[in-house]
Amino acid sequence: MKRKLAVLMCLVLLGSLLVCNLAGAEEMQLTIYYGATLDQMTPVLDAFQAKYPDIQIKSYRAANEELAATMEMETRSGNPQFDVVVQGNGPVITLQDKYDCFQPFTCASSDAIAEGLLDSEGIMTPVGTGFYVIIYNTNLVSEEEAPKSFKDLMDPKWENAIAMADPTSSSSVYTLIWMMTQYLDPQTYGWHFFETLEDLNVNYVASHGTIGELVAMGERKVGIQVMATAGTSLKKGDPIAIVYPEEGMPSEVNVAAIRKGTPNQEAAELFVDFLLSEEGQKMVAENLGWIPVRTDLTDYALADGTPLSEIKLISRDVTWVTEKKSEVLDKFAEIRD
Amino acid sequence: MAERRASPRRNFQASFILFALVCLIIGLLVLVPIGYMTFESVTDEMGNPTLENFIKYFGRGSIRESLLNTLLVSIGIGGLGTLLGVTLAFGVSRTNMRFKTLVKSTIIIAIMTPPFLITLAYIILAGPNVGFVNRALRFLLRLDTTYGPINIYSVWSLVILGLPQGIATIFMMVFPAMENMDPYLEEAARMSGGNARRASLDITIPLVKPAILSGLILSFGQSLALYGVPRMLNINVLTTKIRESITIMDFKMGAVLSTTVTALSLLAVFLYRRTIRSSKKYSTISAKGFRPSVMKLGRARHLFSALGLVYALFGFLIPYCTLVMASFMRSVGNGFEASNWTVDNYVTLLDSSVAATAFKNSLFLGAMTATCVVLLGLIAGYIIVRAKVRGRGVLEYLCNMPSGISGTALAMGLIFMYLSQPLNQMRLYGTIWLLLIAYVTRMLPSGVRYCQSALIQINTELEEASRVSGASWGRTMLKVTIPLARTGMLYAWILTFVMAFPELSSSVMLRNAGTDVVATAILDLWDGAGGLPQAAAFGTVVFMLVTGLVILAQKVTGRSMIDRA
């Protein structure tokens, strides 16, 4: 009897799962791929869903680099699943160059967007600007001790104490690499900066979220972090504080792009328009931690209350970032050898 | 009446067609992806044969390092696992050591749960700066340093973290051999003047040597395939390099590395099959009903007990307690303060649509995989055990091959297979069905093994009676064999489900929107989607479910993973 019951239960489970998986169609659908973290994007998607309850939203989150790889493989397989992608502009440019897989789109609020950010071909719609900061664990490091600049990180006192993203799995970190090797003085910074960090036994981690975790745990005292994730750590109540380095901060534009030939173009356009609307931009700023691209949101301040006017952003050279990737990887392999 | 009797000729044909069909399906699952991958690795962009790829990639320092690390880890886990696994198997089966039940529970948990779960805990426990274990060690050993002595982010920690599973794998091979050994052989040794130690070294160990060897090779292959642990610790091994090749879109590199790791593990499987074949010569099982004698050890008893306790503590109790504790914290960095405790991580999990999708997908994949594997396993197992078809050895070999293929390499093969002409027309990439194909392939060996043992236990006389009475082969199968093997099949079903449920290494390569599974969701949480506490909460749920199902399987079917029925 017991056995029959168990077999029956298994069959019911199996049957219901099959039904679950086959059900659901005939609605307006939208598949969104994004590189931000889940808890950052969820409120934005929820707000969009609340506004358009008829759209059935599917979303997929992966680190920027992995996301680009997934899209590339889907494109090659002839079975692309994504309708719209929101991530750093580097991988989108690479994909577009290789496969011509995105289509131009002019969003409803394009007049309100800061002019310098607009893509001349209209393939990418800017959504927000992300940038690099330094975070430290406030239980272990006092404000006086904390690094004030990127240069301070080269101090031997940070031996075994720094975490940064691994260039093999993160694309955002190329923004930092660009600034160190191309923008700042090559004598003081350059590859010397990363060689010094290597000597200090820096911990390379696969994604920026993990940097936040390691610093919050105290396993690493300081981390070179993207602002968005630093903001999330603050919101969660992690014992961390943010430093805006004196040299200025390298920034990257995050964009939205719509896949060419998507059957869900209407929904995709609605989503991009939503991201660029006043409401959407506020949500982007608050949840994704990106600086809004609309010029009319004047009261914007950073996650720790710092007004925008007090920080210095340096816009990265996206061409360098996309073209020099394999060279950078080789160089890092050499440094880490 | 005469007309209704199945002719032997037709029966032969029926079973041969079935045999060919099963071989075809399993060959398609196992051989074709390997073929695609190998082809890709030994051809240039134009498709001309070349060995350039191997020379090019193994010329790179980081790739040579990954190969070296992989070998180091596999040999380390295999070697240490054998030493400790055999000692524990001997202790539990033949001595009066304490904590036997605890050790057996740890063995089952180590086999059934993925090692990346305990890794989450050990990142908290053994971080070189503030890990609890390191702080305790520094205090106890009076070390004047703020770093180490244990560094979790090292190749050696990979050996330690893979060890609980390695020990368990070897224990599972050696323990039954020890249990089934004729105690008179040892007694004879002792009566001839040898002491207990001599008897075990000269008689026991040589008798179970084939089992030890196959356990060693199995755990070697398993360690080659480790993905979750090195991925979380960011350690350079072949499997993580394969994943990297995808993110940097270097398919040739992926092909070369997958082929290398597969060749290594197939070599292990080949050796494993050979030791199994030769082990039949040293049969330790006879029809005599006996229990092996338990040695009354003196002081040595405490040594075995201590080893058992240490294994249970570090392989099971400490990491899982840490995992559960972390799952109730807001931020692990704030420690044990009252304000840091919360159930929010579980609440968030319940609310999360990604977690819900992942859970549903894993249930679906687990159930479908178990069903497919049990069906395939039943037919393949039947052919291997019963049918007198020529070439059934080939089938057995095919069924065992996936146990040597790492999930990452298999996924790479599937990507080549379903991304190139003509199979890309099936549009399987990006769907859950491709994950199902990978899962079925990966779980095939254990499924076939469970079904085989279920079939062996059925006396052939009942089937013969059915055939003699005029029933066809198919009817006999449906009316006699399957009902008799039912309990065994249910057991195989549940265990396959449990092993498929937290699959990581193939899923991480093949998933995309809507096809996340629990393991990838946990990895994403750790990667930053929700942080370590939430990952710990999800991990705890998976652990509870897996443990619950294993207990259910043992209760319902009356079988045990370790003890004899």
Side-chain angles (χ1 to χ4, degrees), chain A residues 2-3 6-7 10 13-14 17 20-21 31 33 37-39 42 58-63 65-66 69-70 72-74 76-82 137 139 160-161 166 168-169 203-210 212-213 216-221 229 236-239 325-326 329 333 336-337, chain B residues 60-62 65 123-124 127-131 146-147 153 231 234 244 246-249 330-334 348 352-354 360 363-364 367-368 370-371 415 418-419 424-425 427-432 486-487 490 493-494 511-514 516 524-532 552 556-557:
Chain A
K2 243 191 198 166
R3 287 174 197 164
V7 173
C10 293
L13 180 73
L14 190 68
L17 281 163
C20 277
N21 266 274
T31 304
Y33 279 23
T37 66
L38 182 72
D39 44 358
T42 304
K58 248 204 228 173
S59 65
Y60 172 62
R61 181 265 152 192
E65 224 35 20
E66 301 199 1
T70 308
E72 176 154 9
M73 283 200 286
E74 284 179 6
R76 281 173 64 144
S77 77
N79 187 24
Q81 311 268 311
F82 64 99
N137 183 306
N139 291 339
N160 302 322
D166 189 334
T168 56
S169 53
N203 190 347
Y204 300 99
V205 289
S207 94
H208 288 89
T210 319
E213 285 304 313
M217 254 195 272
E219 182 45 49
R220 290 276 149 170
K221 288 178 188 163
T229 315
K236 265 199 302 202
D238 286 345
K325 238 179 100 175
S326 57
L329 278 173
R336 288 163 75 170
D337 236 358
Chain B
R60 288 191 191 164
S62 70
E65 184 195 66
I123 284 173
I124 303 172
N129 282 307
V130 295
T146 52
Y147 189 78
Y153 300 96
R231 165 71 175 69
N234 209 19
E244 186 189 311
I246 290 284
T247 58
I248 61 173
M249 276 293 143
R330 265 179 233 285
S331 173
V332 179
N334 287 335
T348 319
S352 155
S353 65
V354 171
K360 205 180 84 183
L363 283 178
F364 173 77
M368 288 293 284
T371 308
I415 287 172
Y418 289 99
L419 241 56
N424 61 354
Q425 297 304 321
R427 308 209 154 181
L428 276 179
Y429 181 81
T431 66
I432 202 158
R486 203 175 45 194
T487 326
L490 179 65
W493 194 94
I494 300 179
R511 58 138 177 197
N512 66 349
D516 255 316
D524 278 352
L525 286 173
W526 155 244
D527 263 359
L532 188 56
L552 180 84
V556 170
T557 63

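Within every chain, numbering begins at 1; the chains are lettered A, B, ... in the order of the sequence lines, protein sequences first and strands thereafter. Everything numeric here is computed off the predicted structure, so don't read it as measured data.
Scanning both residues, B:Ala370 and B:Trp493, for their nearest heavy atoms gives CB-O, 3.4 Å. The two residues A:Met73 and B:Leu419 have their closest heavy-atom pair at O-CD1, 3.8 Å. Nearest heavy atoms, B:Val130 versus A:Met217: CG2-O, 3.6 Å.
With no hydrogens or angles considered, no side-chain donor-acceptor pair links B:Trp526 and A:Thr210 at under 3.5 Å.
Of the atoms belonging to B:Asn129, heavy atoms from both backbone and side chain fall under 4.5 Å from chain A. Neither the backbone nor the side chain of A:Asn137 comes within contact range of chain B; no heavy atoms are under 4.5 Å apart. For a residue to count as touching a neighbouring chain, one of its non-hydrogen atoms must lie under 4.5 Å from one of that chain's; by this rule A:Asn139 touches chain B with the side chain only. Using a 4.5 Å cut-off between heavy atoms, B:Thr431 touches chain A through its side chain atoms alone. Using a 4.5 Å cut-off between heavy atoms, A:Gln81 touches chain B through its side chain atoms alone. Using a 4.5 Å cut-off between heavy atoms, A:Asp166 contacts chain B through its side chain alone, with no backbone atom that close. With a 4.5 Å cut-off on non-hydrogen atoms, B:Asn512 touches chain A through its backbone and its side chain both. Heavy-atom distances place both the backbone and the side chain of B:Tyr429 under 4.5 Å from chain A.
Taking the side-chain hydrogen bond (donor to acceptor under 3.5 Å, both in side chains) definition, one finds that A:Tyr60 meets it with B:Arg511, sequence neighbours left out. Take A:Phe82 and apply the ring-ring contact (aromatic ring centres under 6.0 Å, His included) test, not counting sequence neighbours, and it matches A:Tyr33.
Of all the listed residues (A:Leu329, A:Thr42, A:Asp238, A:Thr31), the one sharing the greatest number of non-hydrogen pairs under 4.5 Å with chain B is A:Asp238. Here A:Gly78 is the residue among A:Ala161, A:Gly78, A:Ala333 with the most heavy-atom pairs under 4.5 Å with chain B. Chosen from A:Asn160, A:Asn79, A:Val205, the residue pairing most often with chain B at heavy-atom distances under 4.5 Å is A:Asn160.
Salt bridge A:Glu213/A:Arg220: absent, no basic N to carboxylate O contact under 4.0 Å.
A distance-only check finds a donor-acceptor pair linking the side chain of A:Thr70 to the backbone of A:Glu66 [under 3.5 Å].
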